[in-house]
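What follows is a single structure, written as structure tokens, with notes after it.
Counting starts at 1 for both ligands and their atoms, following the listed order. When reading the values below, keep in mind they use all heavy atoms of this one structure, side chains included, and skip hydrogens, waters and symmetry mates.
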Amino acid sequence: MTPPKRCAAVVVGAGPAGLAVVGNLLENQLGKIVWIDPYFQAGRLNRKYREVPSNTKVALFQAFATATQPFRSVISSTRVPNAFTTMAKLDQEKTCHLHHAADVVRALTDGIVKMDQVYACRGRVSAANLDHTRSWTVRIQGLDSQGETEVSTPRLILCTGSSPTEVPVPVSDGSFKRLDLDIVLKPSELASTIPRSSPSTIAVVGASHSAILALLNLVDLARTSHPHVHIKWFTRHPLRYAEYMDGWILRDNTGLKGRAADFARQQLEDSALSTSEAGRVITKIDCSGGPEKETAQYRRHLPSCSYLVQAVGYTRDPLPDLLLDGVALSLDSLNWDSSFGGFTDRNGRVIPGLHGAGIAFPERVVDPYGNVEHAVGFFKFMKFLKRVSPQW
Ligand SMILES: Cc1cc2nc3c(=O)[nH]c(=O)nc-3n(C[C@H](O)[C@H](O)[C@H](O)COP(=O)(O)OP(=O)(O)OC[C@H]3O[C@@H](n4cnc5c(N)ncnc54)[C@H](O)[C@@H]3O)c2cc1C
Ligand SMILES: NC(=O)c1ccc[n+]([C@@H]2O[C@H](COP(=O)([O-])OP(=O)(O)OC[C@H]3O[C@@H](n4cnc5c(N)ncnc54)[C@H](OP(=O)(O)O)[C@@H]3O)[C@@H](O)[C@H]2O)c1
């Protein structure tokens with residue numbers, strides 16, 4: 001089957017955010033949707049993070065899975081037992097491993113791609129051009145020997161995801177190997193990546209969720225199969241936890257929760273580290289006090305490390321080439337504006353029909369204390385899309 005020449009919307013990416021977009025657009029009954037992804041298997045969550053403990057409770061994954069009518073139709077027509085029944089049996093108030101969430105996203109995706117209003121295309125969007133009629137012509141590099149195809153649409157929604165950020169350090173890269181954060185977050189792969197018998201000192205940079213889980217996995221490794229592993233923990237701010245206030249959560253998006261929070265409180269706080277099990281293999285390198293002190297600490301402590309893993313946030317994956325009447329739109333000139341889920345140019349003019357969602361294009365939220373955060377999480381994507389997508 002070839003894709004239609006014209007459709008109501010093109011959705012790029014089939015991670016949790018792309019799925020949530022398609023569910024909402026179907027509910028809004030816009031017409032035919034072309035959905036593009038190389039795999040249709042729940043994005044990075046399934047590829048990389050199945051072994052990660054969630055920092056949100058099961059109930060929120062359930063709320064995501066039942067938030068749109070098309071999702072509910074998939075659930076009711078999927079033979080049991082399935083990923084939904086498995087998740088329904090878990091304690092809804094607790095966290096779970098992300099393989100449960102990934103399996104739910106895959107099962108929903110499998111059902112949604114079979115719907116008449118959806119044309120699922122295995123491939124990558126390489127470019128999209130907006131013409132003077134406000135129509136996007138989207139170029140798709142098909143897998144499955146389909147070659148290149150084009151489809152035009154008034155709506156183009158980018159749900160293209162993000163990958164771990166790597167930043168330069170003030171010590172030459174030659175003295176240590178970089179260790180991919182995704183590997184450190186996957187204990188089964190980590191164990192075969194680090195040598196077992198020779199001593200390895202691993203530098204971990206950061207103090208947010210990813211950093212704490214990286215420390216947790218490395219401590220487990222040192223405690224079990226890799227007794228010669230030592231960790232140097234480069235951190236520039238105190239541990240920060242989510243706090244449950246009256247009806248809202250302080251540091252909902254940046255504070256530690258779930259297993260990472262428990263581990264940090266019990267073993268990594270200064271009051272605990274000197275006596276904890278983690279403290280036996282972790283040396284904390286205090287990088288607070290500004291860039292000069294941070295640089296000095298790196299210069300002093302990094303050369304003795306064999307590996308460096310940075311857990312310093314996530315960066316948007318490369319977007320397809322975007323053009324305006326054949327002229328390349330520089331990405332620096334595009335501003336993501338989550339108030340309406342779209343983009344503006346340098347002069348504040350809205351780019352017609354271009355939208356985004358997910359970890360790459362999250363909603364900017366302000367809490368009752370005025371703190372600004374980016375809302376990243378399954379149910380947060382859904383809440384955001386319920387608000388903005390009816391206007392698309
Ligand atoms: C380690 C980690 C743990 C997390 N834990 C939780 C949690 O416990 N609870 C929670 O609610 N949230 C969690 N999140 C946050 C968030 O829910 C996930 O990051 C989620 O996977 C983001 O989904 P996404 O769809 O935006 O991106 P992705 O999952 O990265 O999906 C993007 C998709 O787009 C595709 N794509 C990219 N470019 C193109 C192109 N040009 N053409 C076609 N396809 C393309 C990719 O192949 C991919 O399939 C976690 C995030 C991380 C990093
Ligand atoms: N299921 C889970 O448990 C889990 C695990 C990982 C991630 N996640 C989710 O994924 C998203 C991203 O989380 P994240 O923990 O990877 O990152 P993050 O929340 O974006 O935080 C990035 C951290 O890196 C620090 N940082 C940035 N640049 C740095 C540098 N050059 N040197 C040292 N520190 C630096 C920041 O500190 P400053 O404030 O000092 O800049 C900040 O604490 C979040 O939504 C999170 O909930 C969930």
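With atom 26 (N) of ligand 2 as the reference point, the heavy atom nearest to it among Thr315, Val312, Leu185 is part of Val312. The option with the heavy atom closest to atom 8 (O) of ligand 1, from among Ile140, Leu319, Asp321, Asn55, is Asn55. Counting heavy atoms only, His237 comes closest to atom 36 (C) of ligand 2 of the residues Arg259, Glu294, His237. The heavy atom nearest to atom 21 (O) of ligand 1, out of those in Pro16, Gly15, Ser210, is found in Pro16. Here atom 28 (P) of ligand 1 lies nearest to Arg44 when heavy atoms of Arg316, Arg44, Arg122 are compared. Distances from atom 19 (O) of ligand 2 to the heavy atoms of Ala214, Ser210, Ala311, Ser208 show the closest one on Ser208. Among Glu166, His97, Arg240, the residue whose heavy atom lies nearest to atom 39 (O) of ligand 2 is Arg240. Considering each of Val12, Asn253, Val11, the one bringing a non-hydrogen atom nearest atom 40 (C) of ligand 1 is Val12.
Per-residue contacts place Gly313 under 4.0 angstrom from the following atoms of ligand 2 (heavy atoms of the residue considered): 17 (O), 20 (O), 22 (C). Near Val376, with a cut-off below 4.0 Å to any heavy atom, the atoms of ligand 2 are 45 (O). Near Gly123, the atoms of ligand 1 lying under 4.0 angstrom from a non-hydrogen atom of the residue are 43 (C). Within the listing of ligand 2, atoms 32 (N), 33 (C) sit less than 4.0 angstrom from a heavy atom of Val205. Those atoms of ligand 2 with a heavy atom of Tyr314 less than 4.0 angstrom away are 12 (C), 16 (O).
The closest approach between a heavy atom of Ser126 and any atom of ligand 1 is not below 4.0 Å. The closest approach between a heavy atom of Pro53 and any atom of ligand 2 is below 4.0 Å.
For ligand 1, the polar-atom distance check against Val125 finds a nitrogen or oxygen pair separated by under 3.5 Å. Ligand 1 has an N or O atom lying under 3.5 Å from an N or O atom of Ile359, backbone or side chain. The distance criterion of under 3.5 Å between nitrogen or oxygen atoms is met by Asp37 with respect to ligand 1.
Around atom NZ of Lys383, no more than 12 heavy atoms belonging to other residues, nucleotides or ligands sit under 6.0 Å away. Atom CZ of Arg300 has 12 or fewer neighbouring heavy atoms from other residues, nucleotides or ligands inside a 6.0 Å radius.
Linking ILVMFWY side-chain heavy atoms closer than 4.5 Å, directly or via other members, places Ile231 and Leu302 in two distinct hydrophobic clusters. Under the 4.5 Å side-chain heavy-atom criterion for grouping Ile, Leu, Val, Met, Phe, Trp and Tyr, Val312 is not connected to Leu213 through any hydrophobic cluster.
Using a 4.0 Å cut-off between heavy atoms, Phe379 makes no contact with ligand 1 at all. Residue contacts with ligand 2 for Ser54 involve N, CA, C or O but no side-chain atom from C-beta outward (heavy atoms, distance under 4.0 Å).
For Phe343 and Phe361, the distance between ring centers is under 6.0 angstrom.
Looking only at side-chain heavy atoms (C-beta outward), Phe64 and Val104 stay at 4.5 Å or farther from each other. With contacts defined as side-chain heavy-atom distances shorter than 4.5 Å, the pair Ser198/His228 does not qualify.
Using a 4.0 Å threshold on non-hydrogen atoms, atom 10 (O) of ligand 2 does not count as touching the protein.
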